[in-house]
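Structure record follows, encoded as structure tokens.
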Amino acid sequence: MLFKLLPVGGMVIAFQDYSAFLGIRGSEWVGLENFKRMLTDPYMLTLVKNTVILAVLSVVCVFPFLVIFSLFLNEVRFQKFKGTIQSVSFLPYFISSAVMVSIMYTVLSPTSGIVNNLIVKMGGESVNFMAKPEWFRPIYIFLQIWQMLGYNAVIYMAGIASINGELYEAAEVDGCGRWGKMIHVTLPGISTSVITMLIISIGNIFTVDTDRILLLYNASNAATSDVIQSYVYRIAFQSLGFPDYSYGTAVNIVKSLLAFILVIIANKLADKYAETRLF
Amino acid sequence: MTKKNIKTLPFDIINTTILTLVAIICVIPFLYVFFISISDGLYLSRGEVSFFPKGVNIEAWKEVITNPRFSIGTGFRNSLVYTLLGTAIAVTFTYLTAYVLTRPRIRFRYFIMTLFVITWVFEAGIIPQYIAYSSLGFIDNIWVMIIPGAINTQYLIITKAYLEGLPKELEEAAIVDGANDFTIVAKIFVPVTKPIIATIALFNAVSIWNQYLIPQMFLHNSNLKTIQQVLANVIVGATESPFANVMVNDVWLNQENMKAAAIMLAMLPIVCIYPFVQKYFKKGILIGSVKG
């Protein structure tokens, strides 16, 4: 019986490895030509710059916000209220990027969106947010916070729940108020999960949000929104004539390298950070 | 105790206010879109719909679902089929693989697990993926939504961790009774592991329903497209929006009404099941994060 079950697993492995295998073979016939071409392509610089800025922003702006939200949520006294807030903030995590971006289009619509209605009522001029390069990053970051808020809260709240209650009592004896307890007990208590989440979020930047970027991307905001993924996607699926697969793959390899380097850096930093925390 | 409560009262008030605001910001966009979808287009075009619906009706919903020109009905049906079929297959495959990988009898099980982890960590990128899948005949084939994602390594790890936590005595008694693996799985494991089955089923269902890149890459036939693709086409590619302002059953429908109704439809199933199943989501995330 087991030998009937095993191929089921084996089949899927072969399947998933298959794409990775072709990737390796693909990069072989790419040769160095494509990489050379990339180095001389001035547009590559813009792409890499956009990708890195977006990556850094989505850690620097999003991450502290998520931790602070969880810390404050933990301080809420009424359990029912706490539960409601948690459920409400968790919902966007399960909604697709297509829906979230569509909602942004509706809310920010230059003709009928609520934001522009308010701007016009206050005497301003309506802004076509989706077509402005300078608005791409704020919108992206807002979506990131919006979708990740509840997810992170779940993880941090579980971390907070496992903190030894005696620590709080000790802090109270030492004269700590609620602020003090939050900063001296709760925050160190969840520092391991915070660091873990930080590493995961840095590692994931390049893989997870392709959907959102593709959906937010358009020709008018390309100056900031065109990142490596959207570029590769366009090469593969939207170019006229025969798509330049090998060049796209080469660009993609650079992306993977960048992601890998980021993960390594994050890991090093976490090591350092955790140590200074501990001692 | 009361003295302390009074001392921290300002903190409580400020904290509650801030969090309420955050929660409101989280929900308002959803509510706003919902209100637009049920409002009268006339008020909408005059900019009179902001925080409350005006001229409530469900014509936009009806129009969006029934009018074949928008292919939203088709998209919804397709997504539903992919999700149901995909979830059933994904749960079966993931569960059986996890079962096999937790049997001490199986040689190479660590090696097999490593292979799974490799597929998770290293991504080939969309172009090699596209080339590989097209050579397997996945272009315009609904199975592209179902087979490649059938065993997600993260969910496999979660399931494996859960199965490893079961007491060994459970199956030993059954083996003494002469039960084979199928009987053990069906009669003993499945009944006691219902929570983990629910968890991976929900995670798979949500991820299949929400897929955008995969169908966009492989499903070009408009009869096969998912609701997310259709939605992205009518709203994000707004230049050739199929919606026009029309009069239906004496109600003026603005194209924004119909867009809003389309958005609501694309998230409807998730919003409907969410209140009942969020505890499984929380549990799944926690197991996954501890292991990962």
Side-chain angles (χ1 to χ4, degrees), chain A residues 1-2 5-6 8-9 12-13 15-20 22-23 26 69 72-73 75-77 81 85 87-92 94-99 101-103 105-107 109 112 114 117 146 149 151 154-155 158 178 200 207 210-211 214-215 232-233 236-237 245 248-249 252-253 256, chain B residues 8 11-12 15-16 18-19 22-23 26-27 29-30 32-33 36 44-45 47 50 93 96-97 100 106 112 115-116 119 122-132 148 150-151 180-182 206 209-210 212-213 217 228 231-232 235-236 256 259-260 263 266-267 270 274 278 282 285-286 289:
Chain A
M1 285 304 167
L2 274 171
L5 291 180
L6 256 180
V8 176
V12 181
I13 297 167
F15 201 3
Q16 295 181 328
D17 271 357
Y18 198 66
S19 68
L22 259 190
F69 173 74
F72 277 93
L73 184 61
E75 294 295 327
V76 173
R77 288 271 177 84
F81 181 67
I85 299 242
S87 309
V88 163
S89 62
F90 196 23
L91 177 65
F94 299 101
I95 308 292
S96 73
S97 296
V99 170
V101 172
S102 300
I103 289 178
Y105 267 92
T106 308
V107 172
S109 152
S112 59
I114 186 167
N117 278 353
W146 192 17
L149 205 55
Y151 177 87
V154 168
I155 289 171
R178 293 182 73 173
I200 294 174
T207 48
T210 317
D211 282 11
L214 281 179
L215 289 161
V232 172
Y233 181 84
F237 298 106
Y245 283 134
T249 311
N252 215 5
I253 287 169
S256 312
Chain B
T8 58
F11 180 90
D12 278 329
N15 192 15
T16 312
I18 293 175
L19 285 174
V22 172
C26 277
V27 234
F30 293 120
Y32 174 69
V33 172
I36 289 186
L44 187 67
S45 53
S50 43
F93 279 30
L96 291 182
T97 313
V100 169
I106 308 296
I112 295 171
L115 287 183
F116 274 111
T119 65
F122 298 100
E123 278 189 22
I126 57 170
I127 293 174
Q129 189 186 13
Y130 182 78
I131 295 169
I151 298 185
N180 63 31
D181 280 293
F182 277 131
V206 169
W209 180 266
N210 286 345
Y212 172 71
L213 189 59
M217 278 164 72
Q228 312 292 344
L231 185 70
I235 290 177
V236 179
E256 292 295 325
K259 282 184 186 172
I263 296 175
M267 56 187 262
I270 290 175
Y274 177 73
Q278 55 156 318
K282 279 185 195 163
I285 285 176
L286 289 176
S289 68

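On a predicted model such as this, the values are computed, not experimentally measured, just so you know. Letters A, B, ... mirror the listed sequences (proteins, then strands); counts begin at 1.
Remark: A:Ser96 engages A:Ala98, A:Val99, B:Asn210, B:Gln228 in a side-chain contact (heavy atoms from CB on, under 4.5 Å) (not counting sequence neighbours). Considering only residues two or more places apart in sequence or on other chains, A:Ser109 meets the side-chain contact (heavy atoms from CB on, under 4.5 Å) condition with A:Thr111, A:Ser112, B:Glu256.
Among the candidates B:Ala260, B:Ala23, B:Ala266, B:Pro29, the residue making the largest number of heavy-atom pairs closer than 4.5 Å to chain A is B:Pro29. Put simply, of A:Ser87, A:Ala158, A:Pro92, the one with the most heavy-atom pairs under 4.5 Å next to chain B is A:Ser87. With chain B as the partner, the residue from A:Leu73, A:Val101, A:Ile95, A:Val88 showing the most heavy-atom pairs under 4.5 Å is A:Ile95. Ranking A:Val76, A:Leu149, A:Val154 against chain B, the residue ahead of the rest is A:Val154, based on heavy-atom pairs under 4.5 Å.
Looking at heavy atoms from C-beta onward, A:Tyr105 lies out of side-chain contact with B:Ile263 at the 4.5 angstrom threshold. Side-chain contact between A:Ser89 and A:Phe69: present, with at least one pair of heavy atoms (C-beta onward) separated by less than 4.5 Å. Proximity of B:Ile36 to A:Thr106: side-chain heavy atoms (C-beta onward) are separated by under 4.5 Å at one or more points. Between B:Leu213 and A:Tyr233, the closest side-chain pair of non-hydrogen atoms falls below 4.5 Å.
In this structure, chain B has a heavy atom under 4.5 Å from the side chain of A:Leu214, while its backbone stays farther away. With a threshold of 4.5 angstrom between heavy atoms, A:Val232 approaches chain B through its backbone and through its side chain. Using a 4.5 Å cut-off between heavy atoms, A:Ser102 contacts chain B through both its backbone and its side chain. With a 4.5 Å cut-off on non-hydrogen atoms, A:Phe94 touches chain B through its backbone and its side chain both. B:Tyr274 touches chain A through its side chain: at least one heavy atom from C-beta onward sits under 4.5 Å away, while N, CA, C and O do not.
Checking side-chain atoms of A:Asp211 against main-chain N and O of A:Ser97 turns up no donor-acceptor pair under 3.5 Å.
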